[in-house]
2 protein chains.
Amino acid sequence: MKLDHGHKIYNQLTSAQIEKRLNDIGISATAQRIAICKYILCEADHPTAEDIKKWTDVNFPKLSRATVYNTLEVLVQAGLLKELKLPHTGKIVYDTNVAEHFHFLDSNTGKLFDVSPEECQVTLAMPNDISVQGVEVFLRGKISIK
Amino acid sequence: MKLDHGHKIYNQLTSAQIEKRLNDIGISATAQRIAICKYILCEADHPTAEDIKKWTDVNFPKLSRATVYNTLEVLVQAGLLKELKLPHTGKIVYDTNVAEHFHFLDSNTGKLFDVSPEECQVTLAMPNDISVQGVEVFLRGKISIK
DNA sequence: AAGCCACTTAGAATAAGTCTAAAAATAGCT
DNA sequence: AGCTATTTTTAGACTTATTCTAAGTGGCTT
Ligand SMILES: [Mn+2]
Ligand SMILES: [Mn+2]
Ligand SMILES: [Zn+2]
Ligand SMILES: [Zn+2]
């Protein structure tokens with residue numbers, strides 16, 4: 001189980017690298033989109049739209065709320081992000097980990113961790129007229145202090 | 001997998017029975033609370049607050065939105081209901097099935113089904129400093145037409 | 001009857017997200 | 001470069017689920 005944020009400290013990208021990644025997936029790399037991606041890809045961990053807006057308010061002022069939401073939609077459509085609605089808040093969070101994985105919420109800190117399918121296996125025994133196409137797992141618990 | 005609603009057709013309760021259930025768990029049985037329980041316990045299937053309000057608008061007019069929410073909170077605190085925030089809508093739904101179970105959303109119909117822990121087994125292999133206290137599973141898929 | 005207290009009420013407030021319509025930037029073409 | 005079409009951005013209005021507020025109701029106790 002790894003915390004995205006801790007991981008991303010080593011994941012700094014230049015604007016040019018981000019521009020290339022956007023172009024590669026057919027998204028025109030505007031200054032606003034690059035700024036938002038810089039935060040999402042290099043700093044943030046499962047950020048909400050509000051988190052992103054707060055960051056741009058400091059680092060790219062004048063960028064509007066609508067642009068945050070527009071950009072997120074573009075990035076989700078392109079498959080660079082996954083949108084998650086987690087049960088502990090009403091808010092949507094955006095996940096840069098687009099591989100199949102689940103989530104663990106540390107109820108002490110409120111921090112969210114990615115859980116790999118190896119760490120959490122789901123075995124289904126449903127009636128055979130049911131075809132399951134998506135599985136979401138949300139775990140809550142505590143991390144014992146060493 | 002069973003659909004609560006279908007099940008509840010056979011689960012009619014009299015006002016007196018509901019009154020007793022409420023008293024047994026230490027809740028004073030007001031007319032408003034009995035009305036809301038009648039709907040939740042006998043008719044509804046994972047209703048939202050709005051579903052409940054719509055029903056009371058017809059069956060117990062003048063009951064206010066605040067009373068719906070207040071009553072739901074009382075019932076949840078008392079353990080008669082579980083509050084669920086599911087990812088497919090922004091809304092909270094209320095579940096009379098307070099035993100451990102999961103949910104399946106039929107993406108064709110939007111209907112929600114209960115899934116028992118036998119039908120969906122979760123095997124965890126988390127680092128041993130993690131203690132998991134709650135598991136939520138949300139499945140999406142289709143029911144093949146026979 | 002007066003006071004108390006739990007409950008209810010209408011409507012205001014909040015907050016996440018969406019929509020709108022106009023302005024600005026960009027891209028394509030001559 | 002200039003002109004036009006398209007894309008992107010913007011401020012602020014709007015929607016919607018839920019919470020909050022502050023006043024009203026009604027049964028019980030003394
Ligand atoms: Mn966040
Ligand atoms: Mn419903
Ligand atoms: Zn994740
Ligand atoms: Zn259920």
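Protein chains get the first letters and strands the later ones, always in sequence-line order, with residue 1 at the start of each.
B:Ser144 contributes a side-chain N or O that, together with a main-chain N or O of A:Asp129, makes up a donor-acceptor pair within less than 3.5 Å. Side-chain atoms of B:Thr96 never come within 3.5 Å of backbone atoms of B:Leu81 as a donor-acceptor pair (strictly under, hydrogens ignored).
Summarising the geometry of B:Ser64 relative to B:Lys53, their closest heavy-atom pair is C-CE, 3.8 Å, with the distance given to 0.1 Å. Taking every heavy atom of both residues into account, B:Val137 and B:Cys120 meet most closely at CG1-SG, 3.8 Å. The two residues A:Asp45 and A:Leu112 have their closest heavy-atom pair at OD2-O, 3.7 Å. The minimum heavy-atom distance between A:Ala29 and A:Asn23, with the atom names listed, is N-OD1, 4.0 Å.
Here A:Asp106 pairs with nothing under the salt bridge (Lys or Arg N to Asp or Glu O under 4.0 Å) rule; sequence neighbours left out. By the ring-ring contact (aromatic ring centres under 6.0 Å, His included) test, B:Phe138 is found to be paired with B:His88, residues two or more places apart in sequence or in another chain being considered. With sequence neighbours excluded, the residues satisfying side chain to side chain contact (heavy atoms under 4.5 Å, CB included) with A:Ala78 are A:Ile25, A:Ile27.
Side chains of B:Asn97 and B:His46: no donor on one and acceptor on the other come within 3.5 Å. In this structure, a donor-acceptor pair under 3.5 Å is present between the side chains of B:Asp51 and B:Thr48.
Per the geometry, NZ belonging to B:Lys53 stands 9 Å off P belonging to C:dT9, to the nearest Å. For the pair B:Leu72 CG and C:dC7 C1', the interatomic distance rounds to 15 Å; values are reported in whole Å. The CD1 atom of A:Ile52 sits 13 Å away from the C1' atom of C:dG17 (whole-angstrom rounding). Distance B:Asn70 CG to C:dA10 C1': 13 Å, rounded to the nearest Å. Note: CD (A:Glu73) to C1' (C:dG17) measures 12 Å, nearest angstrom.
From the 5' end on, the contacts that DNA chain D makes with chain B at under 4.0 Å to a non-hydrogen atom open and close at D:dA17 to D:dC20.
Screening residues 60-88 of chain B for salt bridge (Lys or Arg N to Asp or Glu O under 4.0 Å) gives no qualifying pairs among residues at least two apart or on separate chains. Sorted by first and then second residue, the side chain to side chain donor-acceptor pair (under 3.5 Å) pairs involving residues 27-37 of chain B (not counting sequence neighbours) are B:Ser28-B:Arg33. Screening residues 13-29 of chain A for salt bridge (Lys or Arg N to Asp or Glu O under 4.0 Å), with sequence neighbours left out, gives A:Lys20-A:Asp24. Residue pairs meeting the ring pair (Phe, Tyr, Trp, His ring centres under 6.0 Å) criterion with at least one member in residues 64-85 of chain B: none, sequence neighbours excluded.
Scanning residues 74-89 of chain A for heavy-atom distances under 4.0 Å to DNA chain D yields an empty list. Contacts with DNA chain C (heavy atom under 4.0 Å) in residues 55-69 of chain A: A:Arg65, A:Ala66, A:Tyr69, listed by number. Listed by residue number, the members of residues 19-31 of chain B with any heavy atom below 4.0 angstrom from DNA chain C are B:Ser28, B:Thr30.
For the helix from C:dA1-D:dT30 to C:dT30-D:dA1, the angle separating the two terminal helix axes comes to 10°, with each axis derived from five pairs and the value rounded to 10°.
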